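The structure appears below as structure tokens.
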Protein chains: 2
Amino acid sequence: MKEDTELFGICPYVTSQKVLTGKWSLLILYHLSNGPVRFNELQRRLPHLTQATLSKQLKGLEGNGLVVRKEYQQLPPKVEYSLSSIGQRFQVVLDSLETWGHEYMDYMEEQQK
Amino acid sequence: MKEDTELFGICPYVTSQKVLTGKWSLLILYHLSNGPVRFNELQRRLPHLTQATLSKQLKGLEGNGLVVRKEYQQLPPKVEYSLSSIGQRFQVVLDSLETWGHEYMDYMEEQQK
DNA sequence: CGGGATCCAAAGCGATACTG
DNA sequence: CAGTATCGCTTTGGATCCCG
């Protein structure tokens with residue numbers, strides 16, 4: 001398999017884009033920004049994702065180091081997802097994206113007319 | 001075909017993520033941030049993209065309203081790509097992403113040790 | 001110069017069913 | 001509760017070739 005990871009770890013834009021690949025990454029990061037959330041709670045807040053999809057996205061984000069998974073050894077099982085320290089620092093990006101997103105939606109609505 | 005555009009135009013995160021889908025969108029937007037660039041020039045600055053891929057990505061960004069294509073009717077042909085006004089406002093996001101990207105790379109490098 | 005057309009392989013996503 | 005396994009479909013990206 002060809003690795004195009006050449007620019008990964010070099011260019012901040014390529015690196016960022018890789019991290020944000022998942023279709024739901026932004027939304028998930030947003031929902032984790034106010035502290036740890038359990039799997040089921042997360043799923044309830046994201047009705048458009050199935051369990052399988054949510055699980056995969058979380059694994060991705062965990063693999064990228066943005067999200068931390070904490071498992072409590074008990075019955076019934078309890079797992080909490082939260083932001084790592086670098087994940088928390090992503091909040092800045094999230095904020096600017098939220099602002100821009102609103103501007104964008106307004107802008108596009110204007111264009112329609 | 002099922003439209004999952006339900007949240008598009010409602011949630012700024014979903015909207016943003018759609019706009020940033022392309023594998024090279026961030027990089028392209030970055031290269032356009034200092035003024036109009038011709039197609040070939042853009043391609044020279046992005047050696048990892050083939051013409052076909054660059055063309056598709058540009059079409060995508062143009063369709064999303066972030067990029068403007070200006071064609072000069074002359075020989076030899078000349079086409080310039082630049083940021084629309086909403087595309088220019090994306091600069092804020094790009095800046096925060098660049099900062100965070102560097103932090104992220106440093107962070108991940110530390111983790112390696 | 002600035003693309004388009006075609007084709008293919010790979011990845012992504014989601015539905016469904018099952019599990020410790 | 002918090003997942004995993006499997007599968008099919010759709011979506012991308014990229015290679016290659018061709019064009020006004």
Side-chain angles (χ1 to χ4, degrees), chain A residues 1-8 11 13-14 17-28 31-32 36-64 67-82, chain B residues 1-8 11 13-14 17-28 31-32 36-64 67-82:
Chain A
M1 179 176 47
K2 178 97 175 307
E3 286 292 319
D4 89 292
T5 321
E6 307 167 64
L7 290 175
F8 187 82
C11 170
Y13 300 111
V14 175
Q17 196 123 50
K18 283 233 165 165
V19 168
L20 302 181
T21 42
K23 189 176 173 185
W24 304 100
S25 46
L26 291 178
L27 217 39
I28 293 175
H31 280 287
L32 292 182
V37 183
R38 297 181 61 170
F39 187 89
N40 261 16
E41 173 61 19
L42 208 46
Q43 202 190 331
R44 235 168 296 130
R45 297 196 201 169
L46 298 164
H48 294 276
L49 279 74
T50 61
Q51 286 177 339
T53 301
L54 179 55
S55 178
K56 279 185 220 167
Q57 306 275 319
L58 284 170
K59 270 196 182 303
L61 291 169
E62 193 192 354
N64 286 332
V67 164
V68 175
R69 193 188 103 112
K70 182 170 182 180
E71 184 173 357
Y72 295 84
Q73 285 298 348
Q74 60 178 51
L75 282 175
K78 175 178 174 181
V79 176
E80 278 183 348
Y81 290 90
S82 58
Chain B
M1 181 175 46
K2 178 99 173 308
E3 287 291 320
D4 87 292
T5 320
E6 306 168 64
L7 290 174
F8 187 81
C11 170
Y13 299 112
V14 175
Q17 196 121 50
K18 282 231 167 166
V19 168
L20 303 180
T21 41
K23 190 176 173 183
W24 304 100
S25 48
L26 292 178
L27 216 41
I28 293 175
H31 281 287
L32 293 181
V37 183
R38 297 181 62 171
F39 187 88
N40 262 15
E41 173 61 19
L42 209 46
Q43 202 190 331
R44 235 169 294 129
R45 297 196 202 170
L46 298 164
H48 294 277
L49 278 75
T50 62
Q51 287 177 339
T53 302
L54 178 57
S55 178
K56 278 184 220 169
Q57 305 276 319
L58 283 170
K59 269 197 182 302
L61 290 169
E62 194 192 353
N64 287 331
V67 164
V68 175
R69 194 188 103 111
K70 182 170 184 180
E71 185 173 356
Y72 295 84
Q73 285 298 348
Q74 61 177 50
L75 281 175
K78 176 179 173 182
V79 176
E80 278 183 348
Y81 290 91
S82 58

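Lettering of chains follows the sequences in order, A, B, ..., and the numbering in each one begins at 1. Note that the structure is predicted; figures quoted are calculated from it, not measured.
Between B:Lys59 and C:dG3 there is no side-chain polar atom (N or O) within less than 4.0 angstrom of OP1 or OP2. Contact annotation: B:Thr53 side-chain N/O to D:dG14 OP1/OP2 distance is under 4.0 Å.
One atom, OH of B:Tyr72, and another, P of C:dG3, lie 13 Å apart when rounded to the nearest Å. In this entry the distance linking CG of B:Leu54 with P of D:dG14 reads 11 Å, nearest Å. To the nearest angstrom, C1' of C:dC13 lies 16 Å from CD of A:Gln51. At whole-Å resolution of the value, CD in B:Gln74 and P in C:dG3 are 13 Å apart. One interatomic measurement links the two molecules: CD1 of A:Ile28 to C1' of C:dG12, which rounds to 14 Å at whole-angstrom precision.
Residues B:Val79 and B:Arg69 form a side-chain contact, since some pair of their non-hydrogen atoms from C-beta on lies under 4.5 Å apart.
Among the heavy atoms of the strands lying under 4.0 Å from A:Gln57 are primed sugar atoms or P, OP1, OP2 only; no base atom is included. Residue contacts for B:Ser55: at a heavy-atom cut-off of 4.0 Å it reaches the sugar-phosphate backbone alone, with no base atom in range. Using a 4.0 Å heavy-atom criterion, one finds that A:Gln43 contacts no nucleic acid atom at all.
Donor-acceptor pairing under 3.5 Å is recorded for the side chains of A:Gln17 and B:Ser25.
Relative orientation of the A:His48 and A:Trp24 rings is parallel, given thresholds of 30° and 60° on the angle between their planes.
Side-chain N/O atoms of B:Lys56 and base N/O atoms of C:dG4 include no donor-acceptor pair closer than 3.5 Å.
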